[in-house]
Protein chains: 2
Amino acid sequence: MAEFDRLTSRYNSWIKALQDNGYRLTQPRLAVIKVLAQSDQALDASTLHEKASEEYPALSLVSVYRTLEKMEDLHLVTRVHRNEHCHAFVAGLEGHQHLMICEQCGKVYYFSGDDIHGLIEKVEAFSGYQVTDHWLQLFGRCPECIS
Amino acid sequence: MAEFDRLTSRYNSWIKALQDNGYRLTQPRLAVIKVLAQSDQALDASTLHEKASEEYPALSLVSVYRTLEKMEDLHLVTRVHRNEHCHAFVAGLEGHQHLMICEQCGKVYYFSGDDIHGLIEKVEAFSGYQVTDHWLQLFGRCPECIS
DNA sequence: CCTTTTATTGAAAATGATTTTCAATAAGAT
DNA sequence: ATCTTATTGAAAATCATTTTCAATAAAAGG
């Protein structure tokens, strides 16, 4: 299936990125990135630890934090915020810049937001600010959680 | 000055909102909301505590948290997120829905974002999600911090 | 005013998430 | 096969936030 391939190739490209940057391919690390690469949901450190422990039972929560830190440095994962539960991670935004999160199950949908460039320029003109970054997140219900 | 009036009237309307909702006007509370109402920057609990302590030295950090909680319940303040420093508060979004934050000094600029409704509808159609909320934040440099 | 009621307070303890320390281990180079 | 050193897990430390609780002070009623 196309979906399977996409997620597997993400896992493989992350492995390559780790190697290319001189990081060792350890079992704890591989367990963590495998889960995150193959998930389409935003996951926090502790949920990730839970899931990756099935893969590698000796896994410590500390290693989850450490792996996330490195993945974030390499821009492979992105931190997302919600009002309540605040630190979750998703596979990084490669090209497509924005995301929508299902409030119920955390499932993420990526979309491109070229439409807001005009808005940004307008706001820059009015405010005198220089915009360096923008952050657009939509929240709602995914098709499965609606029904 | 118009700016002074705007911030002072925000302070007064917050006082009224607290009274209308049966909250007592205590010194700790007044010190906290005075600082936040009259600030145009996103402030976190500890910075707020620092500043409000000048107003009322006996102020405890606990009271800052408790006051923020109530203000949030009353929708008088809004929680904002940045990648690093994650929980800061600004005066609530009354009507205008979006904000831009200066990365350097935290100064907030509000703007309306009607322009993204079209985008949201498009994303809904493609994804099958039902969008219930959206979150647009711009980051950059305010005029003072550019020069 | 003065008293009374009770929401609110600050200090201290508890919690929860994240980070640091450190000796032991295992990845990958030689 | 051995060596080097990045990486590990456990435990301790740190940091933000919340809870507990007895003392206080707002504001309502006399």
Side-chain angles (χ1 to χ4, degrees), chain A residues 14-36 42-74 76-89, chain B residues 14-36 42-74 76-77 79-89 106:
Chain A
W14 285 3
I15 288 178
K16 185 167 183 317
L18 284 174
Q19 278 183 318
D20 291 351
N21 287 274
Y23 293 116
R24 292 185 182 172
L25 299 182
T26 65
Q27 297 197 63
R29 233 164 236 176
L30 290 172
V32 171
I33 72 169
K34 184 170 192 181
V35 170
L36 197 49
L43 301 173
D44 62 19
S46 123
T47 310
L48 194 47
H49 176 241
E50 210 172 281
K51 299 200 180 214
S53 291
E54 291 168 22
E55 196 75 25
Y56 179 72
L59 179 67
S60 119
L61 179 56
V62 185
S63 289
V64 175
Y65 280 109
R66 289 193 274 228
T67 302
L68 284 172
E69 190 186 14
K70 286 172 185 61
M71 301 298 285
E72 214 181 356
D73 287 348
L74 297 178
L76 298 177
V77 303
T78 301
R79 197 182 286 261
V80 299
H81 301 260
R82 300 196 259 177
N83 271 330
E84 359 61 61
H85 209 52
C86 172
H87 290 295
F89 294 82
Chain B
W14 285 5
I15 288 179
K16 186 167 181 320
L18 285 175
Q19 277 183 319
D20 290 351
N21 287 274
Y23 292 117
R24 293 185 181 173
L25 300 182
T26 65
Q27 298 197 62
R29 233 165 235 177
L30 290 173
V32 170
I33 72 169
K34 184 170 192 180
V35 170
L36 197 50
L43 301 173
D44 62 18
S46 124
T47 310
L48 194 47
H49 176 242
E50 210 171 280
K51 298 201 181 215
S53 291
E54 292 169 20
E55 196 75 25
Y56 179 74
L59 179 69
S60 118
L61 179 57
V62 185
S63 289
V64 175
Y65 279 109
R66 288 194 275 226
T67 302
L68 283 172
E69 191 186 14
K70 286 171 184 63
M71 302 296 287
E72 213 181 358
D73 287 348
L74 297 177
L76 298 177
V77 304
R79 200 181 286 261
V80 300
H81 301 259
R82 301 197 257 178
N83 270 330
E84 0 59 62
H85 210 52
C86 171
H87 290 296
F89 293 82

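Naming convention: chains lettered A, B, ... in sequence-line order (proteins, then strands); numbering from 1 in each chain.
Annotation: side chain of B:Tyr23 is in contact with side chain of B:Leu74 (closest heavy-atom distance under 4.5 Å).
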Find every protein N or O atom lying less than 3.5 Å from an N or O atom of nucleotides 14-17 of chain D, and list the pairs.
{"from": "D:dT17", "atom 1": "OP2", "to": "B:Tyr65", "atom 2": "OH", "distance (Å)": "2.0"}
{"from": "D:dT17", "atom 1": "O5'", "to": "B:Tyr65", "atom 2": "OH", "distance (Å)": "3.0"}

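The nearest heavy atom of DNA chain D to A:Leu59 and to B:Arg66 marks one nucleotide each, and the one closer to the 5' end goes with A:Leu59.
The CD atom of A:Glu50 sits 12 Å away from the P atom of C:dA17 (whole-angstrom rounding). Distance NE2 (B:His49) to C1' (C:dA11): 12 Å, rounded to an integer number of Å. Atom NZ in A:Lys70 sits roughly 11 Å away from atom C1' in D:dT8 (whole-Å rounding). Following rounding to the nearest Å, A:Leu68 (CG) and C:dA17 (P) show an atom-to-atom distance of 15 Å.
Contacts of B:Gln19 classified as side-chain hydrogen bond (donor to acceptor under 3.5 Å, both in side chains), with partners at least two apart in sequence or in another chain: none. Every residue two or more places apart in sequence or in another chain was checked for a side-chain hydrogen bond (donor to acceptor under 3.5 Å, both in side chains) with B:Asp73, and none qualifies. Partners of A:Asp20 by side-chain hydrogen bond (donor to acceptor under 3.5 Å, both in side chains), not counting sequence neighbours, listed by chain and number: A:Lys16.
Screening residues 57-72 of chain B for side chain to side chain donor-acceptor pair (under 3.5 Å), with sequence neighbours left out, gives B:Glu72-B:Arg79. Pairs passing the salt bridge (charged side-chain N to carboxylate O under 4.0 Å, His left out) check and including a residue from residues 52-64 of chain B, sequence neighbours excluded, read B:Lys34-B:Glu55. Applying the side chain to side chain donor-acceptor pair (under 3.5 Å) test to residues at least two apart or on different chains, the pairs with a partner in residues 42-51 of chain A are A:Asp44-A:Thr47, A:Asp44-A:His85.
Paired with B:Met71 under the rule side-chain contact (heavy atoms from CB on, under 4.5 Å), one option of B:Leu76, B:Val32, B:Leu36 passes, and it is B:Leu76.
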At under 4.0 Å between heavy atoms, which parts of nucleotides 23-28 of chain D does protein reach? Answer with one letter per nucleotide, 5' to 3': B base, S sugar-phosphate only, - none.
--BBS-

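Comparing C:dT8, C:dG10, C:dT20 by their nearest atom to the side chain of B:Ser60 picks out C:dG10.
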